[in-house]
Amino acid sequence: AALFGLTAAAATIHGVRFAESRQAGDLNLKLVGTGLQRYAYVYHVCVAALYLPPGTKPTDALTNVPKTLEIEYFHNIRADQFATLTVKGVKANTPPAEFARVEARLGDFVAAYQDVQPGDRYALTFLPGAGTTLALNGKTVIQVPGDDFARALYSVWLGKEPVTEGLKAGLLGKP
């Protein structure tokens, strides 16, 4: 898999525009990086963008800081496919004791996934103390409490074993 990262103001990647900033509660988060996720080098799956508070180091994205990850899809993807891949990703990036603590909440979270069509956009927004909100095309689907849950969930894209290394690099603003 490969990914092309962009940083700075607003970004357009493969025809999809991501804003320079995004509101999360009372906070104005800034675009850190974007990327294209590919499968088998030629199949474009999605594009994504990561937003963090101004002054936050991208390497601190898995800490207890507010963040938003937006993902726009190029193809139909079923909810059960999202669920399987999310659980697999959390397990791969979370120590067993921590996974046990978040497992029930993860089950609730993945049960809320919905099928997507080309052009649909999921947004994951974490606010410390409030939890992680999943929205589809701007409409809240579920909110899950816990800073530990957020860390486990975002590790799917930003952890030691991310969806792809290229996607992780692009989201963190690395070329």
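We use all heavy atoms of the structure for the numbers below, so side chains are in, but hydrogens, waters and symmetry mates are not. We number each residue from 1, following the sequence as shown.
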Practice item. First locate atom CG of Asp120, then atom CG of Asn137, and finally report the distance between them rounded to the nearest 0.5 Å. Key: 4.0 Å
Check your understanding: Considering only heavy atoms from C-beta outward, does the side chain of Leu153 approach that of Val144 to under 4.5 Å?
Key -> no
**Study point:** Inter-residue atom distance Ile71.CD1 - Cys46.SG, 0.5 Å rounding
**Key:** 5.5 Å
Exercise for review: Specify the closest pair of heavy atoms between Asp115 and Ala79, including all atoms of both residues, with the distance to one decimal.
Suggested key: OD1-N, 2.7 Å
**Study point:** Side chain to side chain, Asp148 and Arg105, heavy atoms closer than 4.5 Å
**Key:** yes
Exercise for review: Kindly give the heavy-atom pair with the smallest separation between Leu50 and Ala61, and that separation in Å.
Suggested key: CD2-CB, 4.2 Å
Check your understanding: Any side-chain heavy atom of Thr56 sitting closer than 4.5 Å to one from Lys67?
Key -> no
Review point. Are any side-chain N or O atoms of Gln81 and backbone N or O atoms of Arg78, one a donor and one an acceptor, separated by less than 3.5 Å?
Key: yes
**Study point:** Any Thr34 side-chain heavy atom under 4.5 Å of Val47 side chain
**Key:** no
Check your understanding: If we only count heavy atoms from C-beta on, is the Leu52 to Leu29 side-chain gap below 4.5 Å?
Key -> no
**Study point:** Straight-line distance of Phe109 CZ to Thr133 OG1, nearest 0.5 Å
**Key:** 9.5 Å
**Study point:** Phe18 ring center within less than 6.0 Å of Tyr51 ring center
**Key:** no
Practice item. Take Leu127 and Leu27 through the test side chain to side chain contact (heavy atoms under 4.5 Å, CB included) and record every step on the way to the result. Key: CA-CA 9 Å; Leu127 294 172; Leu27 300 172; 4.1 Å; yes
Review point. Can you tell me how far the CG atom of Leu136 sits from the CD1 atom of Ile142, to the nearest 0.5 Å?
Key: 13.5 Å
Practice item. Drop me the distance from Glu161's CD to Lys88's NZ, to the nearest 0.5 angstrom. Key: 10.0 Å
Review point. Just wondering, are more than 12 heavy atoms of other shown residues or ligands nearer than 6.0 Å to NZ in Lys30?
Key: yes
Practice item. Over all heavy atoms of both residues, which pair between Lys160 and Asn93 is shortest? Give the atoms and the distance, please. Key: N-OD1, 3.0 Å
Review point. Is there side-chain contact between Leu172 and Thr59, with at least one heavy-atom pair below 4.5 Å?
Key: no
Check your understanding: Is Pro162 close to Trp157 at the side-chain level, that is, under 4.5 Å between some pair of heavy atoms?
Key -> no
Exercise for review: Locate the shortest heavy-atom distance separating Val65 from Pro128; write the atom from each residue and the value.
Suggested key: C-CG, 4.2 Å
Point to revise | OG1-CZ distance between Thr12 and Arg17, expressed to the nearest 0.5 angstrom | key: 5.5 Å
Practice item. Work out which heavy atom in Phe126 is nearest to a heavy atom in Asp147; give both atom names and the distance. Key: CZ-OD1, 3.3 Å
Practice item. Could you tell me whether the side chain of Lys168 and the main chain of Gly159 form a donor-acceptor pair under 3.5 Å? Key: yes
Practice item. Please lay out, stage by stage, how Leu31 and Glu20 fare under the test side chain to side chain contact (heavy atoms under 4.5 Å, CB included). Key: CA-CA 5 Å; Leu31 180 65; Glu20 170 182 343; 5.6 Å; no
Revision key, fill the gap. Smallest heavy-atom separation, Ala152 atom then Val102 atom, equals CB-CG2, 4.1 Å
Point to revise | Derivation and outcome, side chain to side chain contact (heavy atoms under 4.5 Å, CB included), residues Phe82 and Gln114 | key: CA-CA 9 Å; Phe82 282 122; Gln114 298 173 22; over 6 Å; no
**Study point:** Any side-chain heavy-atom pair of Val32 and Leu171 under 4.5 Å
**Key:** no
